[in-house]
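Note sheet for the following structure.
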2 protein chains.
Amino acid sequence: MSEGLRERKKRETRQRISDIAMWLFVTNGFDNVTVAEVARAADVSVNTVFNYFSTKEDLLFDRQGEVEDLPSRVVRERRPRESALQALRRDFLDALDSRHHRYGFHEGSDAFTRMVAESPSLNARIREMNAAREQALARTLADETNADPDDLTPAFAAAQICAVLHRLMTHAVQRMLAGEDLNAIAPDLRRQAERGFELLESGIGDYCAGPRSAPE
Amino acid sequence: MSEGLRERKKRETRQRISDIAMWLFVTNGFDNVTVAEVARAADVSVNTVFNYFSTKEDLLFDRQGEVEDLPSRVVRERRPRESALQALRRDFLDALDSRHHRYGFHEGSDAFTRMVAESPSLNARIREMNAAREQALARTLADETNADPDDLTPAFAAAQICAVLHRLMTHAVQRMLAGEDLNAIAPDLRRQAERGFELLESGIGDYCAGPRSAPE
DNA sequence: GATAAATTTTGCAGTGACACCAAATTTGGT
DNA sequence: ACCAAATTTGGTGTCACTGCAAAATTTATC
């Protein structure tokens with residue numbers, strides 16, 4: 001056996017703290033629950049909580065590593081002859097159709113979503129994760145294209161892509177928070193996503209090019 | 001006279017606190033200076049500091065309103081027959097050429113830049129401001145194009161644009177922090193900026209479309 | 001120019017996230 | 001059972017920030 005009692009207890013304790021924290025945060029709101037309360041509910045000391053999770057936000061975003069690597073991995077594992085953008089569009093639409101949670105689509109996560117949306121510090125964390133995603137994707141794109149390290153093209157592309165993905169995810173969240181059911185908005189969401197990827201693909205050069213007041 | 005003694009003193013106090021805080025932060029690092037130290041140096045109580053500035057970060061980003069509205073305003077005030085993207089490119093390159101600080105180009109701001117870059121909380125604030133810029137620009141684009149409120153196109157365009165602008169600014173900052181002189185990097189920066197806007201204009205559809213391993 | 005009203009400043013007490021450290025507890029190996 | 005290593009805990013402290021009530025100051029009133 002590769003796991004002694006020590007390891008198991010550690011894992012269990014960590015899981016217990018994480019679970020209880022999640023429950024408390026979702027039911028009471030992230031900012032209305034103190035770390036001390038989490039500790040008490042989990043029957044450990046505050047120090048123990050901070051032994052496992054270095055910040056209060058980490059109690060929720062524990063597995064952030066995967067999520068930060070997602071677009072990067074999709075590009076890395078794209079099909080032969082598929083462009084980065086094609087791969088990302090495919091993966092995004094697949095996730096939408098199958099209600100996979102990797103881009104935030106998941107029924108019944110209303111309470112969780114609401115909690116995140118309502119907390120400024122968690123919003124900040126979301127933005128941080130998006131920045132990390134962008135950086136990871138930029139590195140991957142640079143690798144895949146054997147780009148000159150001084151060339152910002154991969155960074156630009158990554159930034160644009162992540163920006164659009166972030167918009168799509170945020171939009172879905174907002175509508176779900178407004179009470180709309182995921183199934184109800186999925187078709188429109190799909191249309192919007194296609195539009196977003198189309199803009200990425202063909203550019204926005206001719207967007208907002210008309211005269212400023214009253215179109216003819 | 002429209003300004004009594006009370007108003008003048010308020011303005012002076014606020015300015016004094018802000019100036020002293022800036023000085024202390026730049027010379028010692030944002031995270032190495034406490035609000036109490038700022039208060040003592042400005043000869044006021046901690047509470048007075050918080051009377052004027054609601055957070056420690058606000059001691060620096062006071063005039064953030066203008067900066068958040070910048071791209072939005074550029075689009076609003078663009079020349080006749082100019083597209084949103086053309087206006088933004090023109091404004092950005094103008095700022096670069098004239099070393100205007102509105103996009104962060106300014107010689108001698110090394111210490112300030114370094115301080116911001118070194119503080120996690122200030123980085124978070126930068127991201128926040130970027131998000132605000134994006135939102136403002138999205139609203140403006142929606143207005144200018146009389147877009148359907150359910151259409152995400154303006155939001156997508158704003159997100160892409162702000163992402164590229166942010167990349168450009170961050171890149172410039174990083175190189176300046178690496179010790180390069182602004183005059184030395186300006187030509188390359190200009191080239192990168194043109195590349196970035198070109199990508200925005202024409203899209204990244206054919207980017208990273210080749211075979212994954214070893215180009216032929 | 002004394003006084004009252006409005007406003008600003010201050011002191012004080014408290015909260016909550018988090019750091020640091022030394023003591024106590026638990027576990028693994030013998 | 002015993003020792004060393006890892007884990008947990010309590011205590012103590014810092015810092016941003018809040019709320020409140022008592023000064024201090026400016027302005028308006030007579």
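Just so it is clear: chains get the letters A, B, ... in the order the sequence lines come, proteins before strands, and each one is counted from 1.
- Few gaps surround CD on B:E128; more than 12 heavy atoms of other groups in view lie less than 6.0 Å from it.
- A salt bridge does not link B:R114 to B:E118: none of the charged side-chain nitrogens sits closer than 4.0 Å to a carboxylate oxygen.
- Salt bridge B:D188/B:R175: present, at least one basic N to carboxylate O contact under 4.0 Å.
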- Query: Just by protein heavy atoms under 4.0 Å, how would nucleotides 15-26 of chain D read 5' to 3' in B, S and -?
  - Reply: SSB-BB-----B

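- Checked by atom type, the side-chain pair A:R127/B:N130 shows no donor-acceptor distance below 3.5 Å.
- For the atom pair CG of B:D31 and OG1 of B:T34, the computed distance is 11.5 Å after rounding to the nearest 0.5 Å.
- Among the protein residues, A:Y52 comes within range of the sugar-phosphate backbone only, with heavy atoms under 4.0 Å from sugar or phosphate atoms but none that close to a base.
- Ion pairing of A:R89 with A:E201 is present here, as a side-chain N (NZ or NE/NH1/NH2) and a carboxylate O approach within less than 4.0 Å.
- Along DNA chain C, read 5' to 3', the first and last nucleotides having any atom under 4.0 Å from a heavy atom of chain B are C:dA6 to C:dC12.
- Qualifying side-chain contact (heavy atoms from CB on, under 4.5 Å) partners for A:I126, counting only residues two or more places apart in sequence or in other chains: A:F61, A:V116, A:H166.
- Between B:D91 and B:R102 there is a salt bridge, since a side-chain N of the basic residue sits under 4.0 Å from a carboxylate O of the acidic one.
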